[in-house]
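Below you'll find the structure, written out as structure tokens, and then a few comments.
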Amino acid sequence: MSDPRTLSILWRGPLSGCNYACGYCPFAKRRDSRATLAADRAALERFERWVAARARRVAILFTPWGEALIRRYYRETITRLSHLPQVETVAIQTNLSGATGWLADCDTRRVALWATFHPGETDRARFVARIRELAALGVRHSVGVVALRSHFDAIERLRAELPTRTYLWVNAEESLQGCYAPAEIERLVAVDPLFELNNREYASLGRACAAGHTAISVRGDGEARRCHFIDAPIGNIYDPDFDSRLKPAPCTRATCNCHIGYRHLVDLGMDGLFGAGRTERFAAAPRRDAALACIAAFEGGG
Ligand code: SF4
Ligand code: SF4
């Protein structure tokens, strides 16, 4: 479980446009209207003011529906947030299609990127060059891919070309989660020693989860949910008594199968695998046996 003094926040505003066209994504090549972008910007800036006014430590992961770093107001907001002492980490999920120079103005002790590689949408050499720029700037990052069967070769080539210190995580493709053949699993584990953590659903109903206590998911209007996967609001962060809504509670969903959710399952004890990189999903020394030990602990508990 995360450090209970830190509130982990997933934030997602109305922006949903993206400059890429991944076949498996509903946001592919969607364009936001000017009104949507204005509303998204206002929501983001309100959230920034809320963070700045609070004393409690926060770890923020922006999880936009689409691609946000192509918008200057995200780059500027992240830069400012990275200089706030109460911000442990400010990270964002991105396709890394934009330039990286703006990160030089961030506090690199706090800023981080969760970058995803989309074969077919970008050239691998260009993507790897961007990652090398991050490394040169000293910006913490992880790189992720989705294990479509047609992408296995591209995933292995990417691993070979990335800097050794860059952690490459592999997500199971949704319809294949738990269905890969043993030889496929071995291939994917050779790329990501923690792959098996993602290649399953966790029977989470009734199990202790820090989401709703030390972790929340926040929409643009400030409405908070315990996580992205349970739709019942728990309050609004802009209400003065919001913190009183944060309490431990068992999960009310049958299963949890997404990293940004199950990582908060108490019995899984996953945060030890990621340490300081938990917000941006960076593992400094990923080990298959440690991942399997977490799975066994969860299955043996409860
Ligand atoms: S880069 Fe991400 S948001 Fe954009 S189309 Fe691909 S999966 Fe969707
Ligand atoms: S286990 Fe997953 S679905 Fe359940 S509360 Fe935690 S994050 Fe949400």
Side-chain angles (χ1 to χ4, degrees), residues 1-2 7-10 12-32 40 61-71 74 92-98 113-123 126-127 130 143-148 151 154 171 173-174 177 197-198 200-218 224-234 245-271 278 281 294-295 298-299 301-302:
M1 192 168 62
S2 313
L7 180 61
S8 297
I9 303 173
L10 301 175
R12 176 181 281 166
L15 175 142
S16 66
C18 186
N19 53 342
Y20 278 9
C22 307
Y24 43 86
C25 176
F27 308 106
K29 288 288 181 195
R30 184 189 285 195
R31 286 178 78 104
D32 288 308
D40 188 67
L61 175 63
F62 292 108
T63 58
W65 295 116
E67 175 58 35
L69 282 187
I70 53 175
R71 304 288 165 196
Y74 270 91
I92 184 165
Q93 296 179 335
T94 175
N95 62 22
L96 208 59
S97 55
L113 296 188
W114 164 311
T116 307
F117 177 62
H118 301 279
E121 291 303 304
T122 184
D123 174 56
R126 183 162 163 244
F127 184 86
R130 286 265 152 80
V143 173
V145 287
V146 178
L148 271 68
H151 289 173
N171 267 3
E173 199 266 329
E174 213 171 335
Q177 199 169 42
L197 278 168
N198 188 263
R200 67 189 57 235
E201 291 189 321
Y202 295 88
S204 53
L205 186 66
R207 302 295 293 269
C209 180
H213 184 216
T214 60
I216 51 173
S217 152
V218 179
R225 290 163 174 75
R226 61 185 305 190
C227 61
H228 278 349
F229 317 103
I230 295 179
D231 211 33
I234 59 172
R245 306 296 183 90
L246 300 173
K247 32 177 97 79
C251 177
T252 55
R253 206 167 179 269
T255 58
C256 191
N257 69 345
C258 184
H259 172 91
I260 56 175
Y262 61 68
R263 86 172 180 90
H264 297 297
L265 280 167
V266 174
D267 290 335
L268 196 54
M270 251 180 70
D271 275 352
R278 58 185 169 266
R281 200 175 174 176
C294 288
I295 295 166
F298 180 80
E299 290 181 348

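Both counts, for ligands and for their atoms, begin at 1 and track the order of listing.
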Please identify which atoms of ligand 2 are closer than 4.0 Å to at least one heavy atom of [X].
X: L265; value: 1 (S)
X: R226; value: 5 (S)
X: C227; value: 3 (S), 7 (S), 8 (Fe)
X: S204; value: 1 (S)
X: R253; value: 3 (S)

For atom 8 (Fe) of ligand 1, tell me which residue out of C25, G120, C22, G66 has the closest non-hydrogen atom.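 It is C25 that holds the nearest heavy atom.
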
Side-chain heavy atoms of [X] within contact of [Y], under 4.5 Å:
X: E67; Y: Y20; answer: no
X: I92; Y: L113; answer: yes
X: L69; Y: S97; answer: no

Looking only at non-hydrogen atoms, find the nearest pair between [X] and [Y] and report the distance.
X: R225; Y: A232; value: CG-O, 3.7 Å
X: C251; Y: S204; value: CB-O, 3.1 Å
X: R263; Y: S8; value: NH2-OG, 3.9 Å
X: R200; Y: N257; value: O-CB, 3.9 Å

Pairwise distance CH2(W114) to CG(L61) - rounded to 0.5 angstrom: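 Those atoms lie 6.0 Å apart.
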
Could you identify the single nearest non-hydrogen protein atom to [atom] and state the distance to 0.1 Å?
atom: atom 1 (S) of ligand 1; answer: H118 NE2, 3.4 Å
atom: atom 6 (Fe) of ligand 2; answer: C209 SG, 2.3 Å
atom: atom 4 (Fe) of ligand 2; answer: C251 SG, 2.3 Å
atom: atom 3 (S) of ligand 1; answer: W65 O, 3.6 Å
atom: atom 2 (Fe) of ligand 2; answer: C256 SG, 2.4 Å

Show which atoms of ligand 1 fall inside a sub-4.0 Å distance from at least one heavy-atom site of N95.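 Matching atoms, with element in brackets: 1 (S).
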
